[in-house]
Amino acid sequence: MNFKNAVSILTILLGGVLPVSLNSAQAHAEEIFRIEVGRDYNRYTQRDLQRRVWELERAVSQLQARVFELELSRLKAPTATPAPLETWLCKISAMGVTYTGTGATRAIAEHKVMETCKEKADDFFCKNPTCSQ
């Protein structure tokens, strides 16, 4: 691949990407480059081609900085994992009152209902909960 083809390919690839406004600190500090697609590279002088390569390098640098910024912001704000669903329900009837407890596992639901029952009734009646999912 020769120099002109490389410039042409980079120009086409970046032409649709860089018009987006960049919000990074680097982008605010310097002018944002918009790459124009050239039509006839045979008419360009060597100096024109060198200028275009420099502009492409600068645009790629800005684009890379923005990608890094987006990736880092994604890593800094992880999405919270949802709490497990409380799919188990356990009940205890003690002295005419029904106590309930829910949990993601049967053991958790049983523990909750027994603790609730013990807070309000005698320990003797807070045994053998009935559980379902």
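When all heavy atoms of Trp88 and Ala104 are compared, the closest pair comes out as CD1-O, 3.5 Å.
Interatomic distance, Met95 CE to Cys126 SG, rounded to the nearest 0.5 Å: 10.0 Å. The structure places OH of Tyr99 at 7.0 Å from NZ of Lys120, a figure rounded to the nearest 0.5 Å. Note that CD of Gln133 is 10.0 Å distant from SG of Cys90, once rounded to the nearest 0.5 Å. In this structure, Trp54 CH2 and Leu49 CG are separated by 15.5 Å, a value rounded to the nearest 0.5 Å. Distance CG/Asp123 to NZ/Lys118: 5.5 Å, rounded to 0.5 Å.
Taken together through direct or relayed side-chain contacts under 4.5 Å among Ile, Leu, Val, Met, Phe, Trp and Tyr, Phe68 and Leu63 form parts of separate hydrophobic clusters.
In this structure, the salt bridge (charged side-chain N to carboxylate O under 4.0 Å, His left out) partners of Arg43, at least two apart in sequence or on a different chain, are Asp40.
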Would you check, one step at a time, whether the test side-chain contact (heavy atoms from CB on, under 4.5 Å) holds for Arg58 with Glu55? CA-CA 5 Å; Arg58 189 168 176 184; Glu55 289 174 352; 5.6 Å; no
Name each donor-acceptor pair under 3.5 Å that joins a side chain in residues 107-116 to protein atoms two or more places apart or in another chain, with its distance.
residue : atom : partner : partner atom : Å
Glu110  : OE2  : Arg106  : NE           : 3.1
Lys112  : NZ   : Glu86   : OE2          : 3.2
Lys112  : NZ   : Thr102  : O            : 3.1
Thr116  : OG1  : Lys112  : O            : 2.9

